[in-house]
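Here is the structure we will look at, set down as structure tokens.
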Amino acid sequence: MRVGLRLFASYADALGTRSLDVTLADGATVRDALAYVRALPGADGLPPAPLVAVNAEYAPLDRTLTAGDEVALIPPVAGG
Amino acid sequence: MRVGLRLFASYADALGTRSLDVTLADGATVRDALAYVRALPGADGLPPAPLVAVNAEYAPLDRTLTAGDEVALIPPVAGG
Amino acid sequence: MSHVALVTEPIDVAALLARVSSPTVGAVASFLGTVRNVNDNRAVTGIEYSAYEEMAEREMHAIVAEAAGKFDSVAPTIAIEHRLGELSLGDVSVAIAVSHPRRAPALDACRYVIEELKKRVPIWKREHYADGTRAWVDNRNTVAVQEVTR
Amino acid sequence: MSHVALVTEPIDVAALLARVSSPTVGAVASFLGTVRNVNDNRAVTGIEYSAYEEMAEREMHAIVAEAAGKFDSVAPTIAIEHRLGELSLGDVSVAIAVSHPRRAPALDACRYVIEELKKRVPIWKREHYADGTRAWVDNRNTVAVQEVTR
């Protein structure tokens, strides 16, 4: 299945991209999406356990993904 | 000695005046000034222990007054 | 520079915020008291504020001085204006603006100023009601009601 | 009606305060975050804010909903605007305005909103320094420093 990945701020800088469409196995979880990102060039700039949002909501590592989901890696926030 | 008395808000309404010059014995205290006020017509509208300020600062009952002091009775405040 | 004033014209809140703002601060906390259309279940049409002016200004300056060292080693910048005279519904009766390099001292000092002001600054109000009556109202009852409903 | 927005133009603070003001409220608490000329001992010349916009708006709405029942049986009215893009020294980056019939819930809710916003709303900033360098900065270090200096 295809899901969209989004990267922001320092993570987008590290990986050199802000969004990519990727193919994951059916039944893949947030953990699997993170493993995919970790294999990309530049991913050594990410922390060990980045926060993730699915469809604009914070999600745990074991959250199962659905085709078309938007998976975002959320760097430490700095609003205010 | 002469001191000035000032009344405000509900206390001024009760006593029908906002300021008066009074003569007190030398060495009089805030307590003596209050006793003077209590003898005035309308003073039954005052609470048993009104707050008092001398020269624009809160003062205790045993504060000794000096000629020319401004003694103010301070109703419960309502700022804000 | 901190600022304290009793005013009879409408309070210019934007100007008060500007007074405490600068590139050296990161946070501006503010509090406005406004005239509410109901108090203690009575329909209010306006409020008349008066003060022992010299003492009110002195007490507000004392509160500013107390707040200076209370929440951080760096003093907040504080501006306070309280309006006197006849106010209409929705009018701002008091405006407090506090700035600091960091937000916690700004928020703490802003709250300290309004709480102390309500306890001890000699300002009084007479509410005007829809039925044509008026009454002196003070902050003791309001405080009691707040504590019960918390 | 509560209000949440991400904006690229300067925030109109007076308009935000007006949004939450009405004759039914007695208190308006507000908080402004502003761009400071120094952070962590480095001279700052500006800040660039960006966001995961859909999620930031959703989280701000969630914070407003949480604050609704947290401090009083009557919900506060809350307006939040966060600016994105390039900001200069002294610019307002975030403005929060909260009104309530009584002051304690207004002050409590205002503080809740800024604390939660700083923890979880996906907004990022890159500081620009006087020496020409830039760095991504987040709220974790700031929080740590604040706790040490309290």
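In this text, all values refer to a predicted model and were calculated from it rather than measured experimentally.
- Heavy atoms closer than 4.5 Å to chain A are found in both the backbone and the side chain of D/Tyr52.
- Contact check for A/Leu46 versus A/Leu15: side-chain heavy atoms found under the 4.5 Å cut-off.
- Contacts of D/Glu57 with chain A are absent, with no heavy-atom separation under 4.5 Å from either backbone or side chain.
- Contacts between D/Ala56 and chain A at a heavy-atom distance below 4.5 Å are absent for every atom of the residue.
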Exercise for the section: Kindly determine whether A/Arg63 and A/Glu57 satisfy salt bridge (Lys or Arg N to Asp or Glu O under 4.0 Å), including the steps that lead there. Expected result: CA-CA 11 Å; A/Arg63 159 81 174 261; A/Glu57 275 189 286; over 6 Å; no

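- By the side chain to side chain contact (heavy atoms under 4.5 Å, CB included) test, D/Ala65 is found to be paired with no residue, residues two or more places apart in sequence or in another chain being considered.
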Exercise for the section: Go through D/Asp131 and D/Arg42 one step at a time and tell me if the salt bridge (Lys or Arg N to Asp or Glu O under 4.0 Å) criterion holds. Expected result: CA-CA 9 Å; D/Asp131 63 9; D/Arg42 297 191 69 181; 3.2 Å; yes

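- Proximity to chain A involves both the backbone and the side chain of D/Arg120, based on heavy atoms less than 4.5 angstrom apart.
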Practice task
Step by step, work out the side-chain hydrogen bond (donor to acceptor under 3.5 Å, both in side chains) result for A/Asp32 and A/Thr29.
Solution key: CA-CA 5 Å; A/Asp32 299 319; A/Thr29 62; 3.3 Å; yes

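- Contact annotation for D/Trp124: both backbone and side-chain heavy atoms come within less than 4.5 Å of a heavy atom of chain A.
- Looking at A/Asp13, only its side chain comes within 4.5 Å of chain D, counting heavy atoms on both sides.
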